[in-house]
Amino acid sequence: MSKKWQVKEVDTCESTFNEARKQPAWTIVCARQQTRGRGRFNRAWFGNTGGLWATYNLPLEQNSGRHWGALPLLAGAAVIEALKSYNIAGLRLRWPNDVLVGRAKLAGILVERPAAGMASIGIGINMFNDIAQMQGVTSDPVTRMCELLPACPSVAKFRTLLGDVLAEMFDYFVESGLEGIMPMLEAAWGEPRPVVAITDTERITGYFAGIDFDGSPILRKADGSSIRVPGITINRLKELI
């Protein structure tokens with residue numbers, strides 16, 4: 001574990017976000033079980049025993065010039081990087097906060113800002129937890145690490161590895177902005193896929209072609225042109241295949 005991190009473990013809580021608010025930066029709050037975990041737009045997140053349910057608190061410099069809205073992308077890239085050594089086929093990132101294996105969801109990420117000088121990055125990863133109750137309930141099929149790996153690491157071991165990777169990538173981000181981790185992000189998207197970006201006022205279709213400097217997605221149109229869709233306006237980026 002990086003010397004930067006302190007770990008606070010709880011048995012059961014509503015959400016690790018709630019516990020993390022009470023802690024300083026460079027603290028990981030990890031729960032054995034969450035009873036009211038949440039995703040984007042307050043969607044329910046299953047958090048039963050056996051998964052990694054953790055919130056990583058990171059410091060924010062107010063005048064750094066960094067686009068802190070890109071932190072979900074940074075966290076997603078960190079999860080991908082931490083998993084790379086296990087050679088999971090089909091591992092990829094879906095904008096902005098889902099880690100998939102093929103079409104099945106393995107992990108989700110949510111970032112909140114409980115204080116001006118701190119961001120809380122909530123990461124939920126299906127590892128050994130029972131996912132049967134999720135099948136047919138969530139919008140995506142789901143998978144878990146113990147089904148993908150013949151020798152799946154323990155929750156604590158992977159939490160430590162992920163913390164080290166996240167800290168290293170956060171340092172790159174602070175020093176160089178999103179450009180510092182762009183090579184890892186570009187590799188994490190997988191093959192181009194047709195998508196629709198759904199906002200409050202329109203549906204914009206095209207092939208996902210990467211992201212802009214602030215993390216907003218760029219879609220390639222059928223005529224070869226590209227369009228940047230401001231990330232803050234997107235309710236959902238839905239894959240069409």
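Keep in mind that the numbers below use all heavy atoms, side chains included, and drop hydrogens, waters and symmetry copies.
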A.B. asks: What residues form a salt bridge (charged side-chain N to carboxylate O under 4.0 Å, His left out) with K157, not counting sequence neighbours?
C.D. replies: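 Partners of K157 under the salt bridge (charged side-chain N to carboxylate O under 4.0 Å, His left out) test: none.
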A.B. asks: Ring pair (Phe, Tyr, Trp, His ring centres under 6.0 Å) with F213: which residues, sequence neighbours excluded?
C.D. replies: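 F213: ring pair (Phe, Tyr, Trp, His ring centres under 6.0 Å) contacts with H67.
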A.B. asks: Extract all donor-acceptor atom pairs below 3.5 Å that involve side chains of residues 187-196 and protein atoms in other chains or at least two apart in sequence.
C.D. replies:
from : atom 1 : to   : atom 2 : distance (Å)
W189 : NE1    : L185 : O      : 3.3

A.B. asks: Please name all residues satisfying side-chain hydrogen bond (donor to acceptor under 3.5 Å, both in side chains) with T16, sequence neighbours left out, ordered by chain then number.
C.D. replies: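 If we apply the side-chain hydrogen bond (donor to acceptor under 3.5 Å, both in side chains) test to T16, skipping adjacent residues, the hits are Q34, T55.
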A.B. asks: Got more than 12 heavy atoms from elsewhere within 6.0 Å of CD1, I232?
C.D. replies: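 Counting neighbours around CD1 of I232, 12 or fewer heavy atoms of other residues, nucleotides or ligands fall under 6.0 Å, so no.
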A.B. asks: With sequence neighbours excluded, what pairs up with E61 under the side-chain contact (heavy atoms from CB on, under 4.5 Å) test?
C.D. replies: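 Testing E61 for side-chain contact (heavy atoms from CB on, under 4.5 Å), a comparison that skips the adjacent residues, returns S64.
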A.B. asks: How would you list all residue pairs meeting ring-ring contact (aromatic ring centres under 6.0 Å, His included) that involve residues 104-131, not counting sequence neighbours?
C.D. replies: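 Matches after skipping sequence neighbours: none remain.
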A.B. asks: Is the distance between the ring centroids of Y56 and W5 under 6.0 Å?
C.D. replies: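 Close enough - the centres of the two rings lie under 6.0 Å apart.
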A.B. asks: Which pairs pass salt bridge (charged side-chain N to carboxylate O under 4.0 Å, His left out) with one or both residues in residues 213-227, sequence neighbours excluded?
C.D. replies: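 As it turns out, the salt bridge (charged side-chain N to carboxylate O under 4.0 Å, His left out) pairs with a partner in residues 213-227, which skip direct neighbours, are D214-R228.
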A.B. asks: Look up atom CD in Q23 and atom CD1 in I28, then write down how far apart they are to the nearest 0.5 Å.
C.D. replies: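 If I round to the nearest 0.5 Å, the distance is 12.0 Å.
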A.B. asks: Under the criterion salt bridge (charged side-chain N to carboxylate O under 4.0 Å, His left out), which of K105, R103, R94 is the partner of D140?
C.D. replies: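 Considering K105, R103, R94, a salt bridge (charged side-chain N to carboxylate O under 4.0 Å, His left out) with D140 is found only for R94.
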A.B. asks: What residues form a side-chain hydrogen bond (donor to acceptor under 3.5 Å, both in side chains) with T49, not counting sequence neighbours?
C.D. replies: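 If we apply the side-chain hydrogen bond (donor to acceptor under 3.5 Å, both in side chains) test to T49, skipping adjacent residues, the hits are R32.
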A.B. asks: Evaluate whether atom CD of E179 has more than 12 neighbouring non-hydrogen atoms of other residues, nucleotides or ligands under 6.0 angstrom away.
C.D. replies: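 Counting other residues, nucleotides and ligands, CD of E179 stays at 12 neighbours or fewer.
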A.B. asks: Between CZ of R203 and CD1 of I198, what distance do you get to the nearest 0.5 Å?
C.D. replies: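 So the gap between those two atoms works out to 4.5 Å.
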A.B. asks: Kindly state each residue pair satisfying ring-ring contact (aromatic ring centres under 6.0 Å, His included) with at least one member in residues 96-123, sequence neighbours excluded.
C.D. replies: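 Not a single pair qualifies under ring-ring contact (aromatic ring centres under 6.0 Å, His included).
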A.B. asks: Heavy atoms only: give me the nearest A20-S120 pair and the separation to one decimal.
C.D. replies: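 In this case the closest contact between A20 and S120 is CB-OG, 4.3 Å.
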A.B. asks: Any ring-ring contact (aromatic ring centres under 6.0 Å, His included) involving residues 216-241? Give me the pairs, sequence neighbours left out, ordered by first then second residue.
C.D. replies: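 Of all non-adjacent pairs touching residues 216-241, none passes ring-ring contact (aromatic ring centres under 6.0 Å, His included).
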A.B. asks: In the hydrophobic clustering (ILVMFWY, side-chain contacts below 4.5 Å, transitive), which residues join V29, or is it alone?
C.D. replies: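 Members other than V29 - counting any ILVMFWY side chain reachable under 4.5 Å - there are none.
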A.B. asks: Compile the donor-acceptor pairs under 3.5 Å between side chains in residues 68-87 and protein atoms, sequence neighbours left out, one pair per line.
C.D. replies:
from : atom 1 : to  : atom 2 : distance (Å)
E81  : OE2    : K84 : NZ     : 3.0

